[in-house]
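Naming: A, B, ... by sequence-line order, numbering from 1 per chain. Every heavy atom of this structure was used, including side-chain atoms; hydrogens, water molecules and symmetry mates were not.
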Amino acid sequence: MIDDLVRAVEATLFAAEAPMTPEEISRHLNGAAVKDALAELAAHYQGRGVELVERGGRWHFQTAADLAHLLRREKEDLRRLTRAATEVLAIVAYHEPVSRAEIEAIRGVQTAKGTLDVLMEAGWVRVAGRREVPGRPTIYGTTPEFLAHFGLESRRDLPGIDELRAAGLLDPVDDAYASLTAEGPADSAANGARPEKDGESA
Amino acid sequence: MIDDLVRAVEATLFAAEAPMTPEEISRHLNGAAVKDALAELAAHYQGRGVELVERGGRWHFQTAADLAHLLRREKEDLRRLTRAATEVLAIVAYHEPVSRAEIEAIRGVQTAKGTLDVLMEAGWVRVAGRREVPGRPTIYGTTPEFLAHFGLESRRDLPGIDELRAAGLLDPVDDAYASLTAEGPADSAANGARPEKDGESA
Amino acid sequence: MDGEGAQLAFDADAEWDGIGSGATEDAALYLELDGWEGPLDLLLDLARRQKVDLRRISILELVDQYLGYIERAESLRLELAADYLVMAAWLAWLKSLLLLPRDPEMQPSPEELALKLQLRLQRLGAMREAGARLMARDRLGRDVFSRGAPEGLRVDRRNRWHCDLFDLIQAYGQVKARTAPVVHMVRERPVMTLESALSRVSSLLGLALDWTDLRQFLPVLSRDDDPRLVKSALASSFVAALELAKQGKADIAQSETFGPLMLRAAK
């Protein structure tokens, strides 16, 4: 017979209208420790038509991805993002926290006010505070809904983020230029920190 | 490994926004015969936190009946009675049965309807009928819970006016009155009363 | 390499002339005029057409392609946004720097400018690709679905009110204290009325033989008397003196400002 706590966690997550953190589940179940139950449930649903997944620290049940072709036809109400919005979303996700000026520096064009609004309305981008530099610009980041929507357990799962970081493609142009000219390309990232020294020796 | 059709039926019912007949499920899955799959799923979910049930020929997942209490939980917030409510409660206790107009006459301040509601929600005041005078105003009285909460055997245990005077409780308190009539934020009213209380207990 | 670039541009040119008939890749390029997200976007697409890694693109070739594109757009009188023209001017300037003999003093060097442009294109390209990969994922609500009809978890909040007996009794005490009927006691104030001053001054005036200081007419008051009574007696007696003078029963004289006020019966 299945454990009572596991059943309770299963019922709670099935009934929930939004993904829940373990703390929220625990609070709902009068403080029970739910970590093991979550692991047991995730294992149980592995390979079934419905799966238990963790997205940005929140858990929810969803249909298995390989069944998309069966389920998709009825649900085509998903809004298509414009190219600009897609690009801005990618920049926010891979660079967060990021200011509008930084987004514009990468894209080389002004970002229409509406573009960020659309992403915030979709619930994927949020204001993440202000950068403590002159002008205190607003900075943006992604939301747990963003991770849930794109099936990412955390930002580390962003496709190709490790390669992009290793290639220095997430660094600003000036930093990348400094590290490129300082030393050979192989360990350019590591040398980025001490350009002066290399400049002297050159 | 679990059968693909069973997985598909599981995902379909999970994602469905309303219970589905086997025919609807079948149509959704390119005409597959789903009866066995439904039976297998129902058996699989038997005893789990979520169950697959048939109601009037339509199938859907629902929380196991014994876990229904998880869907609706009650949470209690401990809150301190406001000064206005405390005064009204005191007047009801000393003068019951008493109408709202009489409470206002005694307090010398208009009494919001919400204040009596709070006292009734707290379970300390109840409607005790109507006074047989023109307009038949509702009259209020205390409840047994009121006596229990305040540790009173009966209303006769409430100290009389002479005792109040002896305890200095009939001395006007300018601060308290000012903060009361100002109807400022809750904590200012509490602060107005606080030094008084400390003075008494010291 | 430069020659190749020119060749490519010419090819594009040829295609462009024949746009009415064939929708080739290059023709499509020109038709998408409104589709570019700014000059960098256009440059990135042109760079991609070099079909090499973005790290190995030829900047000179890219510049030629861009300038060629802008020229043709202008010759067709297509309206170009200002930033495309600004970029064209900058690229033309960069090209001239790259081709002309070096000025070793120049900062930043044309090579640095070219490399930085290349780095910018790489970054934009990386983000464009990342966006595409993101969009291709199994997305919630499109490819995978959460429960269609969740029962929902409801937490009904209830207030549990707290109040203790002392607060209750104290509150009642305050209500009573606040609303106790207020009785106003008007205390008798120590004053000398005008009437009594008038009768006193006029009777004393008959006894006085010569000029007499007004202060002599005041009742004798002890040190313990209320100073307000003293003031009141002085004020009333002064008004009484004025009244008597007005009635022609008394003369008033004062030899200096603030000096003693002298009084005598009118002759």
Item checked: Proximal to chain C - members of residues 53-67 of chain A, heavy-atom separation under 4.5 Å -> A/H60, A/F61, A/Q62, A/T63, A/A64, A/A65
Check: If contact means a heavy atom pair closer than 4.5 Å, which residues of residues 23-31 of chain A contact chain C?
Finding: A/H28
Margin query: Distance check, rounded to the nearest 0.5 Å: A/T111 atom OG1 versus A/I91 atom CD1?
Written below: 7.0 Å
Margin query: Looking at every non-hydrogen atom in both residues, tell me the closest pair between A/A16 and C/L153 and how far apart they are.
Written below: CB-CD1, 3.9 Å
Margin query: Please find the pair of heavy atoms, one from A/P97 and one from A/E102, that lie closest to each other, and give the distance.
Written below: O-OE1, 4.2 Å
Is [X] close to chain C through its backbone or its side chain, or both, or neither, when contacts mean heavy atoms under 4.5 Å?
| X | value |
| --- | --- |
| A/L164 | side chain |
| A/L158 | side chain |
| A/P19 | neither |
| A/A85 | neither |

Checklist line | Choice from A/T12, A/L89, A/V50 maximising heavy atom contacts with chain C below 4.5 Å | finding: A/T12
Note to self: Between A/A90, A/G151, A/P159, A/A18, who has the most heavy-atom pairs with chain C when the cutoff is under 4.5 Å?
What the structure shows: A/P159
Item checked: Residues C/E37 and A/R83 bridged, charged N to O under 4.0 Å -> no
Next item on the list: Taking only Lys NZ, Arg NE, NH1 and NH2, and the carboxylate oxygens of Asp or Glu, determine whether C/K116 and A/D174 approach each other closer than 4.0 Å.
Entry: yes
Check: Which residues satisfy the salt bridge (Lys or Arg N to Asp or Glu O under 4.0 Å) test with C/R128, sequence neighbours excluded?
Finding: A/E87, C/D41
Next item on the list: Could you have a look at C/E129, C/E112, C/Q118, C/E151 and say which one has the most heavy-atom pairs with chain A under 4.5 angstrom?
Entry: C/E112
Note to self: Using a 4.5 angstrom heavy-atom cutoff, name the option from C/L44, C/L40, C/L43 with the most pairs to chain A.
What the structure shows: C/L40
Margin query: Could you walk me through whether C/R102 and C/E111 satisfy the salt bridge (Lys or Arg N to Asp or Glu O under 4.0 Å) test, starting with their C-alpha distance in whole Å, then the side-chain angles of each, then the deciding distance to 0.1 Å, before giving a yes or no?
Written below: CA-CA 10 Å; C/R102 292 287 178 275; C/E111 282 75 17; 2.5 Å; yes
Under 3.5 Å donor-acceptor pairs involving side-chain atoms of residues 36-44 of chain A, not counting sequence neighbours:
{"residue": "A/H44", "atom": "NE2", "partner": "B/H44", "partner atom": "NE2", "Å": "3.0"}
{"residue": "A/H44", "atom": "NE2", "partner": "B/R48", "partner atom": "NH1", "Å": "3.3"}

Check: Testing A/L170, A/V88, A/V92 for side-chain contact (heavy atoms from CB on, under 4.5 Å) with C/M127, which one passes?
Finding: A/L170
Notebook entry, point to check: What part of C/L115 lies closer than 4.5 angstrom to a heavy atom of chain A: side chain, backbone, both or neither?
Noted result: side chain
